[in-house]
Amino acid sequence: MKVFLTGASGGIGEALARHYVRSGATVGLAARRADLLATLAASLGAQAESYPCDVRNAASVSEVAARFIGRHGAPDVVIANAGISIGNLTDHAADTEVFREVLDINVIGMVNTFQPFLAAMRERRSGSLVGIASVAGLRGLPGATAYSASKAAAIRYLEGLRVELRASGVRVTTICPGYIATEMTRRNPYPMPFLITAEEAAGRFARVIDAGKSYAVIPWQMAIAGRILGVLPNWLFDRFAAKAGRKPRRQP
C-alpha cells in the first residue's frame, strides 16, 4: 500500500504515519515543519519519505505530489490531515487574518492536497481521498467560529467531491474526529468528553478507510452527541453553547 499524508509532523498525522508503516505501507510524509518531519521519517525507516511543503501553496504541493508519483505511482490513499485550530472573535480586527489562515489551511489546503493526485488515481480507477474534518463542523462554536466554519466547509466539500467521483473508482471518505489528545487540544481550557489518544484515533481512522466508508464520526460516543446537537432547536443549542468553554485567541 502507498499512502500520502499531510500534517504528518505531529499529533494525529504522526500517529497515522506510524500506524501505516507498521502495516507495511510506503508512506509519504508532508508537513511544514521540515525538521520534525525529517526526524519522524528517520525514525520510521525506509518505508517513510519526507516531503516538506505548505498545503496553502498549491505549487509546492503539486511538486511533492509529482515526486511521490514519479517514485511510486499513484497512491492508494491520500489523507488531507493538515489543520489548525485557533480561537477567534469577530470584534477583534486582528482575528480576521486568523480566520483567513484557518480557512486557507483547513479548506484550501485540502483541495490543494487532493488535486495533484486525482488524475493518476482516476486513470487507475482506484484509491481513496480522505479528509479529516471535525465534529466542530456540525454546529457553530462560540469563540472558534473560524475553525467551525472551516470544518463545516470541509464536510460539504468532501460530500460534493464524493458525488463527483462516484463513477470514477476513487472513493472519498470524510472523518469527523471528536477530541483527540494532541498538542492542538492540550491548550483547550475546558473539559473534553470522550477524549481518546492519537494512537487510538489513528487505528480507528485506518479501519474506516480500509472499510471504504464514506463518513464516520470518531469516537462513536461523539457520533451520538453530534446527532443530538444537530437536531437541537436554535434556542436550546444557543443556551447550551453559550456556557461552553472557549479556545484561547492567539496573543499578539
Side-chain angles (χ1 to χ4, degrees), residues 1-55 61 64-65 67-69 71-85 105-106 109-110 113-114 117 121 127-135 151 154 171-188 192 194-213 216-220 222:
M1 177 182 281
K2 297 164 292 186
V3 179
F4 190 88
L5 166 68
T6 66
S9 61
I12 295 172
E14 179 181 347
L16 282 167
R18 294 189 183 280
H19 172 90
Y20 277 111
V21 166
R22 284 195 303 270
S23 300
T26 295
V27 184
L29 308 172
R32 289 181 292 175
R33 299 182 292 183
D35 54 342
L36 294 178
L37 202 62
T39 300
L40 174 61
S43 75
L44 294 175
Q47 289 171 238
E49 298 175 351
S50 177
Y51 293 88
C53 66
D54 187 333
V55 295
V61 181
V64 299
R67 283 168 47 205
F68 184 90
I69 293 171
R71 291 179 184 179
H72 306 291
D76 298 294
V77 180
V78 177
I79 306 176
N81 170 70
I84 60 170
S85 175
I105 294 174
N106 294 3
M110 186 176 289
T113 298
F114 292 156
F117 290 106
M121 295 172 79
S128 295
L129 301 176
V130 182
I132 307 303
S134 170
V135 294
K151 294 304 184 178
R171 295 190 298 268
V172 176
T173 296
T174 304
I175 297 179
C176 293
Y179 292 114
I180 312 297
T182 65
E183 182 182 344
M184 184 185 295
T185 57
R186 216 167 284 129
R187 297 189 295 269
N188 292 346
M192 293 178 282
F194 315 122
L195 181 75
I196 61 175
T197 66
E199 292 71 25
E200 185 175 358
R204 295 189 188 191
F205 289 10
R207 287 193 291 274
V208 167
I209 296 165
D210 291 345
K213 293 184 179 180
V217 177
I218 295 171
W220 64 266
M222 193 59 78

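Excluded from the calculations below are hydrogen atoms, water molecules and symmetry mates; all remaining heavy atoms, backbone and side chain alike, are included.
Separating the CZ atom in Arg33 from the OG atom in Ser9 is a distance of 3.5 Å, to the nearest 0.5 Å. Atom CZ of residue Arg204 and atom NE2 of residue His19 lie 13.0 Å apart, to the nearest 0.5 angstrom.
Under the rule for a ring pair (Phe, Tyr, Trp, His ring centres under 6.0 Å), the partners of Phe117 that lie at least two apart in sequence or sit in another chain are Phe4. For Asn81, the side chain to side chain donor-acceptor pair (under 3.5 Å) criterion is met by no residue, not counting sequence neighbours. Residues satisfying the side chain to side chain contact (heavy atoms under 4.5 Å, CB included) criterion with Ala8, sequence neighbours excluded, are Leu5, Leu29, Leu37.
Taking all atoms of both residues into account, the shortest heavy-atom contact from Met110 to Ala80 is CG-CB, 3.6 Å. Closest approach of Leu129 and Met121 over heavy atoms only: CD2-SD, 3.7 Å. Shown here for Ala15 and Ala198, the closest heavy-atom pair between the two residues is CB-O, 3.4 Å. Between Met222 and Val217, the shortest heavy-atom distance links the atoms C-CG1, 3.8 Å. Residues Cys176 and Ala133 approach most closely at SG-CB, 3.9 Å, considering heavy atoms. A pairwise comparison of heavy atoms in Leu195 and Ala181 identifies CD1-N, 3.6 Å as the closest pair.
Screening Thr113, Thr6, Val3 against Val78 for a side chain to side chain contact (heavy atoms under 4.5 Å, CB included) leaves a single residue, Thr113.
The shortest distance between side-chain heavy atoms of Arg32 and Ile105 falls below 4.5 Å. Residues Gln47 and Val27 are not in side-chain contact: their nearest non-hydrogen atoms beyond the backbone lie 4.5 Å or more apart. For the pair Leu36 and Glu14, the minimum side-chain heavy-atom distance is 4.5 Å or more. Proximity of Ile209 to Ile79: side-chain heavy atoms (C-beta onward) are separated by under 4.5 Å at one or more points. Thr26 places none of its side-chain heavy atoms less than 4.5 Å from the side chain of Arg71. Counting heavy atoms from C-beta outward, Phe205 and Ile12 have side chains that approach closer than 4.5 Å. Side-chain contact between Ile84 and Asn106: present, with at least one pair of heavy atoms (C-beta onward) separated by less than 4.5 Å. At least one side-chain heavy atom of Ser43 sits under 4.5 Å from a side-chain heavy atom of Arg18.
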Are Ile196 and Ile180 close enough, and set up right, to give a side chain to side chain contact (heavy atoms under 4.5 Å, CB included), and what steps lead you there?
CA-CA 5 Å; Ile196 61 175; Ile180 312 297; 3.5 Å; yes
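A donor-acceptor contact shorter than 3.5 Å links the side chain of Lys2 to the backbone of Ala74. Put simply, the side chain of Lys213 never gets that close to the backbone of Thr174: no donor and acceptor are under 3.5 Å apart.
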